Amino acid sequence: MAYDPSIFEAQRRRLLDAYAQQSALNAYQRLIGMGNAQRGITDLNERAFRTTMSGGLGEVPKLSSNYGRRGLQGQGVKSGVYQNALQNYASRRARDVGYAREDMGVLDRGYDITGRGYQSDLEGGLRDVESNKARQIAEDARALLNLR
């Protein structure tokens, strides 16, 4: 078979196209995944202090009003029960936000690893194309030498 650079160029273009498609899909999945992860953190933060659409209270105001109705919280009242409940809530909320951020970091690293895998596949494929091209040139050169 005579050396035909268009064969190797077509292989190279297919590899680059596949890499571009995989990278674009990975970037889109990252965008969607990170948006969903951030939404979870935002929901945790908003749920703590905002009022609901139906006029209900957020978690902290609800906690305060529940203890206030029982006379355990309010102006001039120092209740250890209320303070303990508030500290427990703050600890749980900090833990949940921390877990959500950690999950977001793990998700982000996963997309990085996937992207590096695609890059590695591309580089390996391009090396194979160059190797096949060099082998074809060497075979053609050997065939020409044998014609002498």
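Nothing here was measured: the structure is a model prediction, and the numbers come from that model.
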**Q** At what distance, to the nearest 0.5 angstrom, does CG of Leu44 lie from OH of Tyr99?
**A**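 Those atoms lie 13.0 Å apart.
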**Q** Within this structure, what is the CD-CG distance for the pair Glu123 and Asp128, rounded to the nearest 0.5 Å?
**A** 12.0 Å
**Q** Given side chains that start at C-beta, do those of Leu107 and Met104 come closer than 4.5 Å, heavy atoms only?
**A**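 The answer is no, as the side chains (C-beta and beyond) never meet within the 4.5 Å cut-off.
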**Q** Please check if atom OH in Tyr89 has more than 12 non-hydrogen atoms from other residues, nucleotides or ligands closer than 6.0 Å.
**A** yes
**Q** I need the Arg101 CZ to Asp103 CG distance, nearest 0.5 Å.
**A**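 So the gap between those two atoms works out to 12.0 Å.
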**Q** Walk me through it: do Arg109 and Val106 pass the test side-chain contact (heavy atoms from CB on, under 4.5 Å)?
**A** CA-CA 5 Å; Arg109 285 189 295 280; Val106 167; 3.3 Å; yes
**Q** Arg127 versus Ser131: any side-chain heavy-atom pair under 4.5 Å?
**A** no
**Q** Would you find a donor on one side and an acceptor on the other, under 3.5 Å apart, between the side chain of Asn26 and the backbone of Tyr111?
**A**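 Yes: the side chain of Asn26 pairs with the backbone of Tyr111.
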**Q** Stepwise, does the side-chain contact (heavy atoms from CB on, under 4.5 Å) test hold for Ile32 with Tyr28?
**A** CA-CA 6 Å; Ile32 298 300; Tyr28 179 70; 3.7 Å; yes
**Q** Please report the interatomic distance CG(Leu126) to OH(Tyr19), rounded to the nearest 0.5 Å.
**A** 10.5 Å
**Q** Measuring from Asp108:CG to Ile113:CD1, what's the distance to the nearest 0.5 Å?
**A** 10.0 Å
**Q** Between Lys133 and Glu130, is there a salt bridge with N-O shorter than 4.0 Å?
**A**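 Here Glu130 pairs with Lys133 in a salt bridge, since their nearest N and O are under 4.0 Å apart.
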**Q** Assess the residue pair Arg95 and Arg92 against the criterion (side-chain contact (heavy atoms from CB on, under 4.5 Å)); give the C-alpha distance rounded to whole Å, side-chain angles, the decisive distance to 0.1 Å, and a yes or no.
**A** CA-CA 5 Å; Arg95 181 198 64 214; Arg92 280 193 312 273; 4.1 Å; yes
**Q** Can Leu16 and Arg12 be said to form a side-chain contact (heavy atoms from CB on, under 4.5 Å), step by step?
**A** CA-CA 6 Å; Leu16 291 171; Arg12 188 183 71 78; 2.9 Å; yes
**Q** Are side-chain N/O atoms of Asp140 and Gln136 paired as donor and acceptor at under 3.5 Å?
**A**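 Result is yes, a qualifying pair exists.
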**Q** With heavy-atom distances below 4.5 Å as the criterion, would you say the side chains of Glu9 and Val129 are in contact?
**A** no
**Q** With rounding to the nearest 0.5 angstrom, report the CG to CG distance, Leu31 to Asn36.
**A**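 Here the rounded value is 9.5 Å.
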**Q** Find out whether Ile7 and Gln11 are in side-chain contact, i.e. whether some heavy atom of one side chain is under 4.5 Å from a heavy atom of the other.
**A**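 Yes. Closest side-chain heavy atoms under 4.5 Å.
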**Q** Under 3.5 Å, is there a donor-acceptor pair between the Gln87 and Gln83 side chains?
**A**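 Gln83 and Gln87 do not have a side-chain donor-acceptor pair below 3.5 Å.
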